[in-house]
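Report on one structure; see the data block that follows.
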Amino acid sequence: MLTVQAPDFSLQHTLECGQAFRWRKHPAAPGPSGEPIPVWYDGVIFGCAVRMRQEGETLIAQTLDPSLTAAHLRHYFALDLDLARVLASIDVDAQIRGAIAQFRGLRVLRQDPWECLASFICSSYNNIKRIEGMIERVSQAYGTSVSFNGFRGCTFPSPETLAAVPERHLRELGLGFRAPYLRATARLVAAGRLPLEQLKTTSYDVARASLMRCDGVGEKVAACVALFGLSHYEAFPVDLWMERAMRYYFRRRRVTAAKVQEFAREHFGAYAGYAQQYLYHYVRTARPG
DNA sequence: CGCCAGGTGCTGA
DNA sequence: TCAGCACATGGC
């Protein structure tokens with residue numbers, strides 16, 4: 001069992017805000033003799049099956065895999081980040097203030113870039129429930145089995161593995177028109193033509209432009225991968241929900257995606273991506289005024 | 001049943 | 001540059 005100090009952190013908001021698709025929640029429930037069983041989440045990170053829960057300011061991970069360390073968890077959940085300072089920097093208007101008040105402790109994850117890229121290719125013109133199912137089926141079909149106490153999960157398959165999968169097979173897993181996109185991108189990455197790790201240290205503009213060379217990756221998916229997989233915190237993904245949130249700032253003016261990105265960077269600053277994720281979760285769940 | 005979904009690529013003005 | 005359209009599928 002691993003424990004990590006996690007001040008200013010909400011496991012629930014972090015895992016349920018729609019940035020990751022592979023965590024399975026077990027709701028809190030009364031146990032056999034009426035004692036409360038807390039909520040936990042099963043997932044697969046760094047190739048390890050893991051069961052996560054939070055007790056106060058402590059994050060607790062259970063795993064059978066000794067290769068998973070507290071340092072891995074601190075990195076994945078971005079616990080090294082001074083969240084108070086980040087939130088103070090983006091707390092610049094009434095709407096974002098409402099979102100922060102509601103979801104304080106939400107942190108932008110540092111997901112595996114390849115899994116993140118593949119996942120968000122699957123996300124286009126789709127809903128979260130079905131995206132989760134698609135990623136899960138791809139993992140079960142082509143990943144490696146890992147488990148913890150009755151939780152049987154699978155790693156997400158490597159680009160090399162997916163590059164060799166016929167498009168037809170991906171369609172049979174329900175990927176629809178995204179099947180050829182995922183396959184083509186897997187081939188690009190497997191061939192070393194898209195150095196995802198390197199894009200963590202380039203400028204956001206370089207990362208964004210590189211990602212958009214992939215089939216099925218446009219402005220929005222590139223921003224998601226840059227934010228959730230490459231820690232480019234200025235990235236500001238705009239989907240249908242965010243377009244609604246943006247009406248708060250643009251009212252009736254017609255705006256392009258580039259204009260929104262420019263506005264967000266100027267309005268919220270270097271951590272605009274954090275503002276995006278708080279607002280996204282807010283408009284989807286809290287129904288702001 | 002019809003509408004919707006963390007969009008993208010292509011086409012034609 | 002930019003509106004208009006097709007694209008697969010299942011959740012609700």
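We name chains A, B, ... by the order of the sequence lines, and we start the count at 1 in each one. Everything quoted here is computed from the prediction, not taken from an experiment.
Between A:Ile128 and A:Gly216, the one whose closest nucleotide on DNA chain B sits nearer the 5' end is A:Ile128. Heavy-atom distances to DNA chain B give each of A:Leu240 and A:Val217 a nearest nucleotide, and the one nearer the 5′ end belongs to A:Leu240.
Considering only heavy atoms from C-beta on, A:Pro30 stays 4.5 Å or farther from A:Pro36 through its side chain.
Nucleic acid contact class of A:Gln19 (heavy atoms, under 4.0 Å, all strands): base. At the heavy-atom level, A:Met134 lies nowhere under 4.0 Å from the strands shown. A:Cys122 comes within contact range of no nucleotide atom at all, as no heavy-atom separation falls under 4.0 Å.
Straight-line distance from the CD atom of A:Glu243 to the P atom of B:dA5: 10 Å, rounded to whole Å. In this structure, A:Asp239 atom CG and B:dT8 atom C1' are separated by 14 Å, rounded to whole Å. To the nearest angstrom, C1' of B:dG7 lies 14 Å from CG of A:Leu117.
Under the 30°/60° scheme for interplanar angles, the aromatic rings of A:Tyr76 and A:Phe46 are found to stand perpendicular. Between A:Phe268 and A:Phe236, the ring-plane angle classifies as parallel under the 30° and 60° cut-offs. Ring geometry for A:Phe9 against A:Phe77 counts as perpendicular: the plane angle is over 60°, on a 0 to 90° scale with 30° as the lower cut. Using cut-offs of 30° and 60° on the angle between ring planes, the pair A:Phe177 and A:Tyr181 is perpendicular.
Distance check on atom P: C:dA8 versus B:dC1 gives 22 Å, rounded to whole Å.
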Identify all pairs in which a protein N or O lies below 3.5 Å from an N or O of nucleotides 1-3 of chain C, and state each distance.
residue, atom, partner, partner atom, Å
C:dA3, OP1, A:Arg254, NH1, 3.3

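Contact check on A:Asp42 versus A:Arg51 returns a salt bridge, with a Lys/Arg side-chain nitrogen under 4.0 Å from an Asp/Glu carboxylate oxygen.
Residues A:His26 and A:Tyr41 place their aromatic rings such that the two centres sit no closer than 6.0 Å. With ring centers used as reference points, A:Phe156 lies 6.0 Å or more from A:Tyr142.
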5' to 3', nucleotides 6-12 of chain C under a 4.0 Å protein heavy-atom cut-off (B base, S sugar-phosphate only, - none) gives -BBBB--
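A:Tyr233 and A:Tyr204 end up in different hydrophobic clusters when Ile, Leu, Val, Met, Phe, Trp and Tyr side chains are linked at under 4.5 Å.
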